[in-house]
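Below is one structure, written out as structure tokens; the observations come after it.
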Protein chains: 2
Amino acid sequence: MISSKFLMGRGRSELTDEEKQVLEDSIAGVRSLPGRNLMVRAGERVEVSTLLLEGFICRYMDDRQGQRQLVAVHVPGDFVDLHGFPMKRLDHDVATIGPAKIATIEHRTLQSITERFPHLTRMLWFSTLLDAAMHREWIFRLGRLGAEGRIAHLFCELYTRLEMVGLAQDGRFTMAMTQPDLAEACGITGVHVNRVLRVLRERGLLTYKGGEAHIADLKGLAAIAEFEPQYLYGTRDG
Amino acid sequence: MISSKFLMGRGRSELTDEEKQVLEDSIAGVRSLPGRNLMVRAGERVEVSTLLLEGFICRYMDDRQGQRQLVAVHVPGDFVDLHGFPMKRLDHDVATIGPAKIATIEHRTLQSITERFPHLTRMLWFSTLLDAAMHREWIFRLGRLGAEGRIAHLFCELYTRLEMVGLAQDGRFTMAMTQPDLAEACGITGVHVNRVLRVLRERGLLTYKGGEAHIADLKGLAAIAEFEPQYLYGTRDG
DNA sequence: CGACATGTTGATGGGAGTCAAGGTCCGTGG
DNA sequence: CCACGGACCTTGACTCCCATCAACATGTCG
């Protein structure tokens, strides 16, 4: 099932079999994209939404000098731009990081879902709110943590999210972000990312080289990051 | 009409009279709250959502040493915690800044709206996505701007939002945030906020004293802030 | 092989944090 | 009525984290 990773680990079980099938049948097509591929430019009107199947995609905004700030990183199973359905235009660019495989769903299909499946609609809404929760955590990171905490937090988040969809285990995962990419996600310079990674490596917390991450001490890394993963789950239970 | 400010300036016109009435009839009650009043604590299960009628409300997360990071500021007309309807639990605290007047809507009422009014549901969804767009802009601010830009940006955003609901004009508005509050919103210290405000005042851009803001040069302030207000409108048009 | 992105390390400087002191304003209570 | 405490605002001195500039190493792909 193409959409099998969607909401995996975060309330997917609340979807009925019928709803899962509706979602699956909504997929208009599957495509492969190369790395560093601009998918949507800010301000463009969008008519489809994208479900990420493989690879990594980021969303970002550039400042006046062209310096980039990532506002989100997406992993397989994520809807990348579902918010483009109610919004119609995006306020930011969307691009692949490494090569990626995506499924597309047309907005008119989503429209008909909202008219026939209220609960599924709420779950789609819910999934955009998970993005918002991650945004808030990023605000916290940038506002309150130093460079070490920011890097550590990003790795904790990515590890947790990848683990939910079966793409990380034993502290290890593979990802396409370069050091400059990490810098753009964390609001620091590439040079400083390099120094921080060295410190984290020397302290036995994390190694990251050539796209291979190994979190040697998740507890320690989470402590530096002040990382508490509840926000990634939406905490619907109870 | 109690909910008359909701989505004012941002697609409210897309609501039919019937939908406006449905929303109005959903209001369970109106209450006044004192300033500095904790409304919802992170992790609590919530059963109602809050529409802000008067005053200012913020959402925030505390770091390990109790340092606070605001993740959102709300002005009259905003749904403060509509995302709590699909999410059920919040990942952050919510509190008034100054005294405030709020209307509450029970989640079971919202639930019935989602089952009977798909278009109104999409507009509610849309309104939570405006929050997400503001989150993204805050990420950008914290990641790419220095202290001056951050303060300038916050004032530009608040001015624009307040103007939309008729609470700001001619560069002037009233607000309850103290300098320490601004610091918590901008990821800098209260002392530094003070210095930055002085610089902005001396440059003839902005004065802020005792809750009275006067933007003397909006163009200049927006330039420092790299502020472009489209994100506040959701840009549904065209 | 050369071009280019990425990774690494060093030297220097600046923006913002920290610590400290004092000022203003207000509400409360003796 | 005035003393007092408590927020908030203001300014100065010193410190430190991270940016900047620069040089070079490594790797990879046409």
Side-chain angles (χ1 to χ4, degrees), chain A residues 34-37 56 63-69 95-99 141-154 174-202 206-213 224, chain B residues 34-37 56 58 63-69 95-99 141-154 174-203 206-213 224:
Chain A
R36 308 282 158 195
N37 184 257
F56 293 82
D63 72 8
R64 194 160 293 141
Q65 300 107 293
Q67 296 285 82
R68 184 159 296 179
Q69 176 63 48
T96 59
I97 301 177
R141 254 193 353 183
L142 294 172
R144 284 291 162 251
L145 302 182
E148 282 180 23
R150 295 184 196 178
I151 300 270
H153 192 285
L154 181 58
T174 304
M175 143 180 102
M177 290 179 82
T178 65
Q179 288 184 7
D181 292 333
L182 294 173
E184 290 169 355
C186 294
I188 59 182
T189 61
V191 171
H192 202 56
V193 166
N194 187 281
R195 293 190 230 269
V196 169
L197 284 177
R198 173 155 59 120
V199 170
L200 295 177
R201 195 186 323 126
E202 287 168 356
L206 165 74
T207 57
Y208 183 63
K209 206 146 199 147
E212 296 294 324
I224 289 181
Chain B
R36 308 282 158 194
N37 184 257
F56 293 82
C58 64
D63 72 9
R64 194 161 292 139
Q65 301 107 293
Q67 296 285 81
R68 182 159 297 180
Q69 177 64 47
T96 58
I97 300 177
R141 254 192 355 183
L142 295 173
R144 283 291 162 252
L145 302 182
E148 284 179 24
R150 294 184 197 178
I151 299 269
H153 192 287
L154 181 58
T174 304
M175 140 180 104
M177 291 179 81
T178 65
Q179 289 184 8
D181 291 333
L182 294 174
E184 290 169 355
C186 294
I188 58 182
T189 60
V191 171
H192 203 54
V193 166
N194 186 280
R195 294 192 233 268
V196 169
L197 284 178
R198 172 154 60 119
V199 170
L200 295 177
R201 195 186 323 127
E202 287 168 355
R203 284 207 227 134
L206 165 74
T207 57
Y208 183 62
K209 207 147 198 145
E212 295 293 325
I224 289 181

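As a basis for the values below, the full set of heavy atoms in this structure was taken, side chains included, without hydrogen atoms, waters or symmetry mates. Below, chains carry the letters A, B, ... as their sequence lines are ordered, and counting in each starts from 1.
Using a cut-off of 4.0 Å between Lys/Arg side-chain N and Asp/Glu carboxylate O, B/Arg195 and B/Glu148 are scored as not salt-bridged. Using a cutoff of 4.0 Å between basic side-chain nitrogens and carboxylate oxygens, A/Asp63 and B/Arg141 are not scored as salt-bridged.
Axis angle across the helix from C/dC1-D/dG30 to C/dG30-D/dC1, with five pairs used at each end and values rounded to 10°: 30°.
Comparing C/dT18, C/dG10, D/dT20 by their closest approach to the side chain of A/Arg198 singles out C/dG10. Distance from the side chain of A/Arg36 is smallest for C/dT6 among the nucleotides C/dG7, C/dT6, C/dG10. If you check D/dC9, C/dG7, D/dC21 against the side chain of A/Val191, the one that comes closest is D/dC21. Each of D/dT10, D/dC18, C/dT9 was ranked by its minimum atom distance to the side chain of B/Asn194; first place goes to D/dT10.
Rounded to whole angstrom, the span from the NE2 atom of B/His192 across to the P atom of C/dC19 amounts to 17 Å. Computed from coordinates, the A/Arg195 CZ to C/dT12 C1' distance equals 11 Å when rounded to whole Å. Look at CE on A/Met177: it is 11 Å from P on C/dG7, rounded to the nearest Å. Separating the CD atom of A/Glu212 from the C1' atom of C/dG7 is a distance of 16 Å, rounded to the nearest angstrom. In this structure, the CG atom of B/Leu197 is 11 Å from the C1' atom of D/dT10, given to the nearest Å. Taking atom CD1 of residue B/Ile188 and atom P of nucleotide D/dC18, one finds them 16 Å apart after rounding to whole Å. Summarising the geometry, the separation between CG on B/Leu145 and P on D/dA19 is reported as 14 Å, rounded to the nearest angstrom. Rounded to an integer number of Å, the gap from CD of A/Gln67 to P of D/dT20 is 7 Å.
Summarising the geometry, atom CG belonging to A/Leu182 is positioned 6.5 Å from atom CG belonging to A/Leu197; distances are rounded to the nearest 0.5 Å. Atom CD1 of B/Ile224 is separated from atom CZ of A/Arg64 by 10.0 Å, given to the nearest 0.5 angstrom. Taking CE of A/Met175 as the reference point, atom CZ of A/Phe56 lies at 6.5 Å (rounded to 0.5 Å).
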**Prompt:** What's the verdict on salt bridge (Lys or Arg N to Asp or Glu O under 4.0 Å) for B/Arg68 and B/Asp181, showing C-alpha distance, side-chain angles and the deciding distance?
**Reply:** CA-CA 9 Å; B/Arg68 182 159 297 180; B/Asp181 291 333; over 6 Å; no
**Request:** List the steps, then state whether side-chain contact (heavy atoms from CB on, under 4.5 Å) holds for A/His153 with A/Leu145.
**Result:** CA-CA 9 Å; A/His153 192 285; A/Leu145 302 182; 4.3 Å; yes
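Residue-level contact check: A/Gly210 touches neither bases nor backbone, having no heavy atom under 4.0 Å from any strand. Note on B/Gly190: nothing from the nucleic acid sits closer than 4.0 angstrom, heavy atoms only. Within 4.0 Å of B/Thr189, counting heavy atoms only, lies at least one base atom of the nucleic acid.
Within the 4.0 Å cut-off from OP1 or OP2 of D/dT26, not a single side-chain nitrogen or oxygen of A/Lys209 is found. Remark: A/Gln179 is not in phosphate contact with C/dA5, judged by side-chain N or O atoms under 4.0 Å from OP1 or OP2.
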